[in-house]
Amino acid sequence: MVLDACSQVKELWGAVDEYGDILGFMGCVGNRVEMLFVAPAFFGRGIGSTLLIHGIRTLGATSVDVNEQNHGATAFYLHHGFEVAGRSPVDGTGKPYPLLHLRLPPKACPLPSHP
């Protein structure tokens, strides 16, 4: 499923370690974050935040859909200033996995600078 989604994204941005191993990656389509994944072993180390900030500042990302049951991802985006703008009872493929539609308010600038 992720591989199919990647084919719709023009650019993927990734974080790699000194050995070239992928720690996380993000892709946007228009102003939407279509995917942002971080290897679980690297949660809480700023990788997701750095990728998201890049998406917002460089790619103009202002929206993302999150599985309603993914409380960690929801908390992550809310922490970065996103707000719940709506809800769908099914996911993008029509399966019964509710989605939260999150938006970054127009004047929000809650993000710290990262190197």
Side-chain angles (χ1 to χ4, degrees):
M1 216 160 94
V2 172
L3 190 54
D4 286 340
C6 285
S7 68
Q8 299 173 22
V9 176
K10 283 185 173 182
E11 295 181 53
L12 285 175
W13 292 85
V16 297
D17 65 13
E18 64 271 17
Y19 306 107
D21 294 326
I22 298 171
L23 308 178
F25 64 93
M26 177 199 63
C28 294
V29 174
N31 70 339
R32 177 182 298 281
V33 175
E34 286 294 331
M35 60 188 68
L36 195 161
F37 296 102
V38 175
F42 295 94
F43 283 3
R45 298 189 189 188
I47 294 166
S49 294
T50 299
L51 289 168
L52 180 61
I53 290 166
H54 176 76
I56 292 167
R57 290 188 175 165
T58 306
L59 307 174
T62 58
S63 67
V64 63
D65 289 342
V66 179
N67 183 305
E68 186 174 59
Q69 297 171 343
N70 189 340
H71 302 291
T74 301
F76 170 79
Y77 289 109
L78 294 177
H79 172 77
H80 286 292
F82 284 77
E83 298 175 347
V84 177
R87 180 184 182 275
S88 297
V90 295
D91 69 10
T93 65
K95 294 183 180 170
Y97 300 109
L99 293 179
L100 293 176
H101 306 295
L102 305 179
R103 303 284 180 270
L104 193 60
K107 295 188 179 189
C109 189
L111 304 172
S113 297
H114 280 274

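The first residue in the sequence is number 1, and the count goes up from there.
Taking each heavy atom of R45 and A41 in turn, the nearest pair found is NH2-O, 3.6 Å. A73 and V66 get closest at one heavy-atom pair: CB-CG1, 3.7 Å. Listed here is the closest heavy atom pair of L100 and V84: CD2-CG1, 4.3 Å.
Put simply, the residue from V64, T62, D65 that forms a side-chain contact (heavy atoms from CB on, under 4.5 Å) with R32 is D65.
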Working note: S88 + H101, criterion side-chain contact (heavy atoms from CB on, under 4.5 Å); need CA distance, chi angles, decisive distance, verdict. CA-CA 8 Å; S88 297; H101 306 295; 2.4 Å; yes
Any chance you could lay out the side-chain contact (heavy atoms from CB on, under 4.5 Å) test for E34 and C28, step after step, and finish with the verdict? CA-CA 5 Å; E34 286 294 331; C28 294; over 6 Å; no
I would like to know whether L36 and Y77 meet side-chain contact (heavy atoms from CB on, under 4.5 Å); could you show each step before the answer? CA-CA 11 Å; L36 195 161; Y77 289 109; 3.5 Å; yes
Can you list the steps and then say if L12 with M35 is a side-chain contact (heavy atoms from CB on, under 4.5 Å)? CA-CA 9 Å; L12 285 175; M35 60 188 68; 3.8 Å; yes
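Considering only heavy atoms from C-beta on, V33 comes within 4.5 Å of M26 through its side chain. Proximity of F82 to I56: side-chain heavy atoms (C-beta onward) are separated by under 4.5 Å at one or more points.
Note that CD1 of I47 is 13.5 Å distant from CG of L52, once rounded to the nearest 0.5 Å. We find the CG-CG distance between N31 and L59 to be 11.0 Å, quoted to the nearest 0.5 Å. The CG atom of L78 sits 12.0 Å away from atom NE2 of H71, with the distance rounded to the nearest 0.5 Å. The distance from the OG1 atom of T74 to the CD atom of E68 is 8.0 Å, given to the nearest 0.5 Å.
For I22, the CD1 atom counts as loosely surrounded, since its 6.0 Å shell holds 12 or fewer non-hydrogen atoms of other residues, nucleotides or ligands.
Legend: ring pair (Phe, Tyr, Trp, His ring centres under 6.0 Å) pairs involving residues 39-66, not counting sequence neighbours, sorted by first then second residue: W13-H54.
In this structure, F37 and F25 have tilted ring planes: the angle between them lies in the 30° to 60° band.
No path of Ile, Leu, Val, Met, Phe, Trp and Tyr side chains, each step under 4.5 Å between heavy atoms, connects Y97 with L102, placing them in separate hydrophobic clusters.
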